[in-house]
Trainee: 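I am attaching a structure below and will ask some questions about it afterwards.
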Amino acid sequence: MTGRREHLRFARGLRETGATPAATARQLRERFGVRALTAARLAHGWSQSDAAAEWNRRWPDAPRTFKAFSYWENWPGPTGHAPSLDVLERLARLYVCAVRDLLADLPDHGDAGGPDVDRAALVWQVQHLDLPELTRAVTRWGAALPQRDRRASLLRLSAAAAAAAPEAETGAGVPPLTPVGSPLGQRLCGIWHSRYSYKSTSRGLVDRHHHVIFRDDGAGRVEIVSIVDSNDSPIQLDLVYERQSLTGTWTEHTATDDHYRGARYHGAIQLVVDPTGRSARGRWVGYDRAGEVDSGPWEFTLLTTDAGPAAVREHARPAAPTEVTRPDEKGPSPGER
C-alpha cells in the first residue's frame with residue numbers, strides 16, 4: 001500500500017469512529033509525519049483537486065486550482081508558496097479546524113512556556129512526588145472535568161498509562177493512537193474481527209476467526225454474534241460493559257461436518273477495551289471433556305462502525321482460514337470439551 005493510500009485509509013477509519021477533522025489531522029501528523037496543511041486535507045479524504053473544487057464552490061469569486069493547494073502544502077520548502085493570512089483563514093473554515101492547526105508543524109522559537117516546560121514539570125512531579133502527593137495532583141487535575149465523567153476519564157487514563165509502560169520500556173513498536181474525540185459514553189457497535197486461540201490434542205495450536213456484530217443497548221449490555229458464512233462454527237457472546245471491561249459468557253456451535261461434529265461449547269470470558277474503543281483483548285475460560293478447565297487469548301478489532309445490511313453482506317465471507325501451527329504442542333482445546 002502506498003503512503004498516500006495508507007494515509008487515506010487511516011483517516012477514513014478515524015472518521016468512521018466519529019473523530020473530528022482536527023483530531024484526524026493530528027493523528028496523521030503524529031503517526032506518519034504528514035505536514036499540517038496536507039494532513040488537514042487528507043482528514044476529509046480529499047485530493048488536492050477535491051479541495052480546490054470545494055474551495056471554488058464556497059468562494060467562486062476567488063477560484064483556485066489544485067496547483068495552488070500543491071504550492072501551499074509544499075511551503076516552506078523551496079517549491080512552495082506561503083499562504084496569506086486570508087488564505088489560512090479560509091483553509092481553516094474549509095477543513096473545519098483552527099488556523100493554528102494548519103501551522104502546527106512550523107518551529108516554535110519561543111524561549112519560555114510551551115510543551116517543553118509542561119513536559120519538564122510533569123516529569124519532575126512523577127519523579128519527586130510520593131504516591132499520596134501525586135494522587136492529590138491528579139485529583140486536582142481531574143477536578144476540571146465534568147463530575148459525571150470524572151471517574152470514567154481517570155480510569156481510561158490509568159489504562160492508557162498501563163498499556164504504554166511495556167512499550168516505553170522497550171522503545172519498540174509504532175506509537176499507539178491517542179484517544180480521538182470524547183470516549184465518554186462510548187457505545188461498542190459495528191462489525192469487528194474476532195480471533196481466539198486454543199490448543200487441540202490432535203491438531204496443535206489453532207486460531208479461529210469470525211466477523212461479528214456488536215450490539216450495545218447503551219445500558220451496559222453488549223451482545224456479540226457472528227455473521228453467517230464468516231465461519232462455519234457460529235459464536236455468540238453475552239457481556240456486561242462496565243468502565244473498560246467486558247465480562248460475560250460465550251457459546252460456540254461447531255459445524256456438523258467438522259472435527260467436532262456439531263457439538264455446542266460454552267464458557268466465560270473477560271476483555272479489556274482499548275481506550276480508543278477500537279479493540280478489546282482478554283481471555284476465555286472453559287472446560288474440556290476430561291473435566292479440566294482451560295483458557296486462551298481472545299481479541300476483537302473494529303472493522304467498521306457501519307452494521308447496516310450492505311456492510312453485513314460485505315462481511316458475510318470467511319474472516320480468515322483456520323490456522324494450525326506448532327503441531328508438536330499438544331493440549332486440551334475448546335473443541336475437545
Side-chain angles (χ1 to χ4, degrees), residues 1-110 113-116 118-119 160 174-184 186 190 274-278 302-306:
M1 180 181 294
T2 64
R4 180 176 176 277
R5 289 178 60 194
E6 184 179 6
H7 299 162
L8 289 170
R9 180 175 177 271
F10 179 80
R12 183 175 65 251
L14 291 184
R15 289 197 305 274
E16 289 175 350
T17 67
T20 65
T24 301
R26 183 172 65 252
Q27 294 285 357
L28 287 167
R29 297 196 308 267
E30 294 177 356
R31 191 173 180 86
F32 299 107
V34 178
R35 296 300 303 270
L37 283 166
T38 304
R41 171 174 57 80
L42 294 177
H44 292 266
W46 293 344
S47 66
Q48 291 176 339
S49 295
D50 294 333
E54 183 61 20
W55 173 292
N56 294 336
R57 185 185 69 81
R58 296 190 182 202
W59 301 291
D61 58 329
R64 306 286 182 173
T65 68
F66 74 93
K67 289 185 178 180
F69 284 81
S70 178
Y71 287 140
W72 295 331
E73 292 176 11
N74 285 332
W75 172 76
T79 61
H81 295 170
S84 66
L85 290 176
D86 179 65
V87 165
L88 285 171
E89 191 275 334
R90 290 192 178 189
L91 287 174
R93 291 162 62 186
L94 185 71
Y95 294 145
V96 195
C97 66
V99 171
R100 63 178 177 274
D101 294 330
L102 303 177
L103 305 174
D105 52 2
L106 295 181
D108 185 353
H109 300 290
D116 289 339
D118 293 341
R119 187 180 304 114
V174 177
L177 289 174
T178 55
V180 292
S182 173
L184 304 175
Q186 185 179 57
D274 180 89
T276 65
R278 298 185 183 91
L302 178 65
L303 299 176
T304 173
T305 56
D306 180 11

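Numbers for residues simply follow the sequence, beginning at 1.
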Trainee: How many angstroms lie between OG1 in Thr17 and CZ in Arg278, if you round to the nearest 0.5 Å?
Mentor: 4.5 Å
Trainee: Give me the ring orientation class for Trp72 and Trp55: parallel if the planes are under 30° apart, tilted from 30 to 60°, perpendicular past 60°.
Mentor: tilted
Trainee: With rounding to the nearest 0.5 Å, note down the distance linking CG in Leu91 to CZ in Arg64.
Mentor: 9.0 Å
Trainee: Does Cys97 form a side-chain contact (heavy atoms from CB on, under 4.5 Å) with Arg26? I'd like the steps, not just the answer.
Mentor: CA-CA 11 Å; Cys97 66; Arg26 183 172 65 252; over 6 Å; no
Trainee: Considering non-hydrogen atoms only, spot the tightest contact between Leu88 and Val99 and give its length.
Mentor: O-CG2, 4.0 Å
Trainee: Could you tell me which non-hydrogen atom of Leu102 sits nearest to which non-hydrogen atom of Ala40, and how far apart they are?
Mentor: CD2-CB, 3.6 Å
Trainee: With no hydrogens and no angle check, is any side-chain donor or acceptor of Thr305 less than 3.5 Å from a backbone partner on Glu16?
Mentor: yes
Trainee: Any donor and acceptor pair, going by atom type alone, linking the side chain of Arg58 with main-chain N or O of Arg90 inside 3.5 Å?
Mentor: no
Trainee: Once you measure the plane-to-plane angle for His7 and Phe32, does it fall in the parallel (<30°), tilted (30-60°) or perpendicular (>60°) bin?
Mentor: tilted
Trainee: Hey, does the side chain of Arg41 reach the backbone of Trp46 with a donor-acceptor pair shorter than 3.5 angstrom?
Mentor: yes
Trainee: Taking all atoms of both residues into account, what is the closest heavy-atom pair of Ala39 and Arg29, and its distance?
Mentor: CB-CG, 3.8 Å
Trainee: Are the side chain of Asp101 and the backbone N or O of Ala98 linked by a donor-acceptor pair below 3.5 Å?
Mentor: yes
Trainee: Taking atom CZ as the centre, does Arg100 end up with more than 12 heavy-atom neighbours from other residues, nucleotides or ligands that are less than 6.0 angstrom away?
Mentor: no
Trainee: How many angstroms lie between OH in Tyr95 and OG1 in Thr24, if you round to the nearest 0.5 Å?
Mentor: 14.0 Å
Trainee: Quick test of your reading of the model: are Arg57 and Glu54 salt-bridged, counting only N-O distances below 4.0 Å?
Mentor: yes
Trainee: With distance as the sole test, does Asp105 use its side chain to make a donor-acceptor pair with the main-chain N or O of Arg35 at under 3.5 Å?
Mentor: no
Trainee: Quick one: pull up CG in Leu28 and OG1 in Thr38 and give me the separation to the nearest 0.5 Å.
Mentor: 10.0 Å
Trainee: Judged by atom type as modelled, is there a donor-acceptor pair below 3.5 Å linking the side chain of Asn74 to the main-chain atoms of His81?
Mentor: no
Trainee: Which residues satisfy the ring-ring contact (aromatic ring centres under 6.0 Å, His included) test with Trp75, sequence neighbours excluded?
Mentor: none
Trainee: What heavy-atom pair brings Ala43 and Ala11 nearest, and what distance separates the two atoms?
Mentor: CA-CB, 4.3 Å
Trainee: Give me the atom names and distance for the closest heavy-atom approach of Arg15 to His44.
Mentor: NH1-C, 3.6 Å
Trainee: Can you see which heavy atom on Gly45 is nearest to which on Asp50, and at what distance?
Mentor: O-OD2, 4.3 Å
